[in-house]
Amino acid sequence: MKKNNISKKPGVSYAIVGKDLAAHMFEVTLTVDQPAPEGQLLALPAWIPGSYMIREFSRNIVRIRAESDGAEVKLSKVDKHTWQAAPVAGQLTVVYEVYAWDLSVRAAHMDQSHAFFNGTSVFLRVAGQEDEQHVVDIQRPADPAAKTWRVATSLPELKAKRYGFGTYAAANYDELIDHPVELGDFALATFKAHGVPHDVVITGRVPNLDMARLCADLKAICETQIAFFEPKTKRAPMDRYVFMTMAVGDGYGGLEHRASTALICARADLPTAATPKGADISEGYLKFLGLCSHEYFHTWNVKRIKPSAFAPYDLNTENYTPLLWLFEGGTSYYDDLMLVRAGIIGEPAYYKLLGKTVGGVLRGAGRLKQSVADSSFDAWGKYYRQDENAANAIVSYYTKGSLVCMTLDLAIRSKTAGKKSLDDVMQALWQRYGRDFYKGAGRGVSPAEVEALCDEVAGARLKSFFDKYVRGTEDLPLAKILAPFGVKYSDERKPAKPSLDANLGRDGADAKLSAVHEGGAAHAAGLSAGDLLVAVDGLRVVPGNLDTLLSRYAVGDSVEVLAFRRDELRSFRVKLQGDRVPNVTLALAPEAAGKKASGLLRPSASR
């Protein structure tokens, strides 16, 4: 068991306990041995790294008080997430309650079944002492429901036993908030990837879970990624890793940390022991493994290789960078690619996933208005605050970013006759910026340095590529660039299928337009997102029957659509158009059939 080299009396310590499980209330006691003479400033982060939106975690602090030597100490609110304690001569103790009812990977949640928290939601930062060692006493709730609970976290143990309640330690505040904690009766298994223990923690009811298969698949993915970044040493950048997963009826999401990831998934997506051996991998399980692969890749790409704007983080305000297309989009490119290289899926399954991504990007007109660099920079105000017009106004730095990275990969391979690839760029980023980041020798990378490194690996200037596809909004020449690598690109849309070119959702028993695509039939007729469709040529529209109603018409026909906008019934004359939804398929070209793998899937010759 690894112990932190920490003094017997740390300068900053916390005790956290589930005070009232039914009320979803944590109680946190913060002790500062040597508070600032002028009065100690205390602040809770406004956002959590990896989720680029101001979330105002301080709004969940219900009560807060301070004392010193048994006497009350005045706390003054400085701003929405900062308090200042009056000057004291001795130790400062702050006790506060945190409401935890956000069932997500980015905040805190607690009830009688489990408890989960990120440090950004519960641990006040002691201004000026962020670099001091921090100790946390994780205490068992008094509620009988918690009698058999255990603790899952990648925080190094101090006096606690692994999976047990007690004290854990962090070298500084940045490390403290980078290890989420799960408390409960969870399923647990451990495997080793290149000698490093990896825990798999599953909270929630998952009947007949095939933990053995899950561990085997995750082991293959983790070992592939470790070898990707460290092909010679196969040395992982952490001593231990934890996959902590909350299984629910319907959910999906993940958030990366330096030695763990917090995940949420639909329980149906987890493997069952009832699946016959040799059966094809299910779509849900493949999606979950892709999520695990994505968050694990972040162990290198964003947790250690960082944009200069994130080194260090300023947790009080937005941290702007135009590089999320590389750090999130690049990770999205490699997450599924690693499933292929790990032997989890084959080429046909990979190309199916890739085609789906391409179709999703081409569906939105926003790709022609916003570059992936601007999408990265505007994540705080646009990507994380999407509305019904998002598809017409913005592009995803995840999905288009992944396609930009794929195209960049193939461009480098083409310029170097397959000797170099984006793999070499990622490895160089790791060696120069990431490997020693937490040892004090690393630093963030700037946009100019990223571009210069790509030039260096390619042996040619790539400014035109960056101008067109990273800083610009041109569509990627996917068919042209994929062809030399043995991949056939096709887009078989259904122009004869009559369509409104709008997304239809549900509002109770009503069919509701959730998005209206720019230039489509619904847009031309004046329909808007939020309209409740009532009838097409006098026949009632309900969720699920619109395509059937429209199938009786031809492209170019005109129909009357009745819809409620707010509480007013309106009539719209709609000229139906052909379906503009992309139907992109990718496959190994006939002339490339029989080869072990297309050039797209192979590491470069230098690897």
Side-chain angles (χ1 to χ4, degrees), residues 53 250-253 266 356-370 375 378-379 381-400 473 475 491-584:
M53 178 178 175
D250 185 24
Y252 177 84
K356 185 176 180 181
T357 299
V358 175
V361 170
L362 294 178
R363 181 71 170 114
R367 77 186 194 283
L368 304 174
K369 301 172 185 177
Q370 186 188 48
S375 176
D378 292 337
K382 291 189 176 182
Y383 185 79
Y384 271 87
R385 295 182 181 274
Q386 294 186 31
D387 59 19
E388 65 283 346
N389 194 48
N392 297 320
I394 68 173
V395 71
S396 168
Y397 53 77
Y398 282 91
T399 52
K400 188 174 181 183
T473 59
D475 275 335
D491 184 353
E492 300 174 356
R493 306 190 188 196
K494 302 173 182 176
K497 179 184 176 182
S499 169
L500 296 183
D501 199 16
N503 294 351
L504 197 62
R506 177 187 291 269
D507 185 356
D510 296 318
K512 181 179 180 179
L513 292 179
S514 57
V516 172
H517 291 276
E518 188 176 282
H523 172 212
L527 284 158
S528 298
D531 289 348
L532 298 179
L533 300 190
V534 176
V536 172
D537 277 352
L539 295 177
R540 184 184 178 190
V541 176
V542 296
N545 79 336
L546 180 61
D547 285 345
T548 300
L549 292 176
L550 296 181
S551 68
R552 301 189 64 83
Y553 300 89
V555 171
D557 285 349
S558 179
V559 297
E560 182 190 37
V561 174
L562 295 180
F564 275 108
R565 181 171 297 171
R566 298 181 295 276
D567 58 349
E568 298 176 4
L569 184 64
R570 296 191 177 194
S571 174
F572 300 87
R573 179 57 56 177
V574 181
K575 185 177 181 180
L576 300 176
Q577 62 181 194
D579 194 349
R580 298 197 304 164
V581 178
N583 184 27
V584 175

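What's counted below: heavy atoms across the whole structure, side chains too, no hydrogens, waters or symmetry copies. Numbers here are sequence positions counted from 1.
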Taking the side chain as C-beta and beyond, is there a heavy-atom pair between [X] and [Y] under 4.5 Å?
{"X": "N503", "Y": "H517", "answer": "yes"}
{"X": "L500", "Y": "L533", "answer": "yes"}
{"X": "E560", "Y": "S571", "answer": "yes"}
{"X": "D378", "Y": "I394", "answer": "no"}

Interatomic distance, [X] atom [atom1] to [Y] atom [atom2] [nearest 0.5 angstrom]:
{"X": "D507", "Y": "S514", "atom1": "CG", "atom2": "OG", "answer": "11.0 Å"}
{"X": "L368", "Y": "N392", "atom1": "CG", "atom2": "CG", "answer": "11.0 Å"}
{"X": "Q370", "Y": "S396", "atom1": "CD", "atom2": "OG", "answer": "9.5 Å"}

Does E492 offer a backbone N or O that forms a donor-acceptor pair with the side chain of N583 under 3.5 Å?
-> yes
Closest contact, heavy atoms only, [X] versus [Y]:
{"X": "S375", "Y": "Y397", "answer": "OG-CD2, 3.3 Å"}
{"X": "A365", "Y": "E518", "answer": "CB-OE2, 4.3 Å"}
{"X": "A563", "Y": "D531", "answer": "CB-CB, 4.3 Å"}
{"X": "S499", "Y": "A521", "answer": "O-CB, 3.6 Å"}

Might you work through the side-chain contact (heavy atoms from CB on, under 4.5 Å) test for R363 and V581, ending with a clear yes or no?
-> CA-CA 6 Å; R363 181 71 170 114; V581 178; 3.6 Å; yes
Got more than 12 heavy atoms from elsewhere within 6.0 Å of [atom1], [X]?
{"X": "D250", "atom1": "CG", "value": "no"}
{"X": "K369", "atom1": "NZ", "value": "yes"}
{"X": "R573", "atom1": "CZ", "value": "yes"}

Could you check K512, R565, R566 and say which one makes a side-chain contact (heavy atoms from CB on, under 4.5 Å) with L532?
-> K512
Under 3.5 Å, which donor-acceptor pairs link side chains of residues 539-550 to any protein atom two or more places apart or in another chain?
| residue | atom | partner | partner atom | Å |
| --- | --- | --- | --- | --- |
| N545 | OD1 | V542 | N | 2.9 |
| N545 | ND2 | R540 | O | 3.1 |

Hey, mind stepping through H523 and D501 against side-chain contact (heavy atoms from CB on, under 4.5 Å) and telling me if it holds?
-> CA-CA 8 Å; H523 172 212; D501 199 16; over 6 Å; no
When you look at Y553 and D537, which way does the side-chain contact (heavy atoms from CB on, under 4.5 Å) test go after all the steps?
-> CA-CA 11 Å; Y553 300 89; D537 277 352; 2.7 Å; yes
Carboxylate-amine/guanidinium contact D475 K400, below 4.0 Å = no
Kindly determine whether V555 and L576 satisfy side-chain contact (heavy atoms from CB on, under 4.5 Å), including the steps that lead there.
-> CA-CA 5 Å; V555 171; L576 300 176; 5.8 Å; no
